[in-house]
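One structure below.
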Number of protein chains: 2
Amino acid sequence: MQPTEGELVILQVLWSAGPSTVRDVNERLNESSSKEIGYTTTLKLMQLMSGKGLVSRDTSSRTHVYSAVLPEEKAQKTLLRRFVDTTFGGSASRMVLRALGDGKTSPEELAEIKKLITQLEKDGNND
Amino acid sequence: MQPTEGELVILQVLWSAGPSTVRDVNERLNESSSKEIGYTTTLKLMQLMSGKGLVSRDTSSRTHVYSAVLPEEKAQKTLLRRFVDTTFGGSASRMVLRALGDGKTSPEELAEIKKLITQLEKDGNND
DNA sequence: CGGTGATTACGAATCGTTTCGTACAAAGAT
DNA sequence: ATCTTTGTACGAAACGATTCGTAATCACCG
């Protein structure tokens with residue numbers, strides 16, 4: 001099952017913060033977001049995700065603790081593949097060129113990417 | 001205004017085929033798609049897009065001819081932004097690292113990307 | 001003419017997602 | 001014991017996007 005946009009936002013929290021309660025996630029969402037998201041809204045979404053198998057939950061204590069089932073890297077790769085296929089005709093490099101071309105990437109990030117490329121060139125790596 | 005998923009599909013037809021009638025687009029959609037899409041569905045969508053300014057139309061003859069207003073490149077950028085936000089927490093560089101990290105990018109492409117980065121680093125570009 | 005087919009316009013049904021109100025249960029404090 | 005707080009469950013409203021039925025209009029053909 002493929003996560004919706006809202007579910008993806010929650011997955012991101014779980015990925016970056018690790019196993020979390022609904023309250024944790026909800027607070028995290030409201031830190032950044034402009035519009036207040038109700039607690040039960042987050043709860044419901046996470047319950048739905050649990051039903052879909054996107055997250056697992058530990059219900060042994062009263063306040064359930066949720067964890068992402070899909071590892072971040074795997075989910076991102078799948079989504080990336082699909083996205084590149086449908087909107088860049090399968091060419092990752094065209095996509096990358098466009099992504100970097102908007103001038104919003106910091107020098108540090110550029111340097112990091114460059115380093116990765118050099119690395120890839122060096123050993124003809126395949127994952 | 002940001003195109004929806006369905007609108008994007010139509011835009012892609014207009015980009016690749018150039019100015020088209022509703023029937024043209026609808027037929028194109030039904031060639032590839034598994035599920036038959038009704039003519040008036042396509043029509044309605046294109047009318048909405050016209051209202052939003054995503055497409056323009058020549059109504060001088062009875063069968064209107066629609067053209068994409070948004071250039072492909074700009075749309076891709078918007079899409080990219082959305083995608084990066086929802087699945088990479090807004091970090092384009094993390095996305096790029098993931099994209100290149102799957103070992104499917106050819107040496108030529110890597111070189112090209114590297115060249116772009118060098119270029120960006122050189123003149124502190126801001127689009 | 002009158003009929004047939006193609007076209008636009010538009011309201012409304014439908015569908016999936018998100019949001020939240022409300023009910024109820026558990027745990028701790030006094 | 002009861003009050004308060006914090007939690008889950010769940011139905012349903014709200015919302016946006018998509019889909020389509022239907023009416024009106026136009027153009028062509030006999």
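Note that the structure is predicted; figures quoted are calculated from it, not measured.
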Of the listed nucleotides ([options]), which one gets closest to any side-chain atom of [X]?
X      : options                 : value
H64(B) : dG7(D), dT8(C), dT18(D) : dT8(C)
T40(A) : dG7(D), dA9(D), dT22(D) : dA9(D)
K35(B) : dT8(D), dT7(C), dC20(D) : dC20(D)

[X] [atom1] to [N] [atom2], straight-line distance once rounded to whole Å:
X      : N       : atom1 : atom2 : result
R23(B) : dG5(C)  : CZ    : C1'   : 10 Å
E36(B) : dG21(D) : CD    : P     : 12 Å
Q47(A) : dT17(C) : CD    : P     : 17 Å
L43(A) : dA25(C) : CG    : C1'   : 14 Å
Y66(A) : dG7(D)  : OH    : P     : 12 Å
M46(B) : dA17(D) : CE    : P     : 18 Å
L45(B) : dA9(C)  : CG    : C1'   : 15 Å
N30(B) : dT19(D) : CG    : P     : 10 Å

_Between L54(A) and V65(A), is there shared hydrophobic-cluster membership here, with clusters defined by ILVMFWY side-chain heavy atoms closer than 4.5 Å?_
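The answer is no; the residues belong to distinct hydrophobic clusters.
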
*Which part of the nucleic acid, if any, lies within contact of T4(B), taking any heavy atom under 4.0 Å across all strands shown: a base, the sugar-phosphate backbone alone, or nothing?*
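T4(B): backbone/sugar contact only, no base atoms under 4.0 Å.
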
*Kindly say if T41(B) contacts the phosphate of dC20(D), meaning a side-chain N or O under 4.0 Å from OP1 or OP2.*
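Affirmative; the distance criterion is met.
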
*Is the shortest side-chain N/O distance from Y39(A) to OP1 or OP2 of dT19(C) below 4.0 Å?*
no

*asked:* Once hydrogens and angles are ignored, does a donor-acceptor distance under 3.5 Å link the base of dA6(C) to the side chain of R62(B)?
replied: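 Yes, the side chain and the base share a sub-3.5 Å donor-acceptor pair.
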
*asked:* Is it the case that the base of dG11(D) and the side chain of K44(A) share a donor-acceptor contact (distance under 3.5 Å, atom types as modelled)?
replied: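 Checked by distance alone, the answer is yes.
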
_K115(A), NZ atom: more than 12 neighbouring heavy atoms under 6.0 Å_ =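 Counting other residues, nucleotides and ligands, NZ of K115(A) stays at 12 neighbours or fewer.
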
*Using a strict 4.0 Å threshold on nitrogen-to-oxygen distance, state whether E109(B) and R94(A) make a salt bridge.*
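Looking at R94(A) together with E109(B), the answer is no, because their closest N to O distance does not fall below 4.0 Å.
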
*Salt bridge between K114(B) and E108(B), side-chain N to carboxylate O under 4.0 Å?*
no

*Between K52(B) and I37(B), name the one whose nearest nucleotide on DNA chain D is closer to the 5' end.*
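Going by which nucleotide is closer to the 5' end, it is K52(B).
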
*If you find the nucleotide of DNA chain C closest to T42(A) and the one closest to R57(B), which residue's nucleotide is nearer the 5' end?*
R57(B)

_Short side-chain donor-acceptor distance under 3.5 Å, S16(A) and R28(A)_ =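 R28(A) vs S16(A): donor-acceptor pair found between side chains.
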
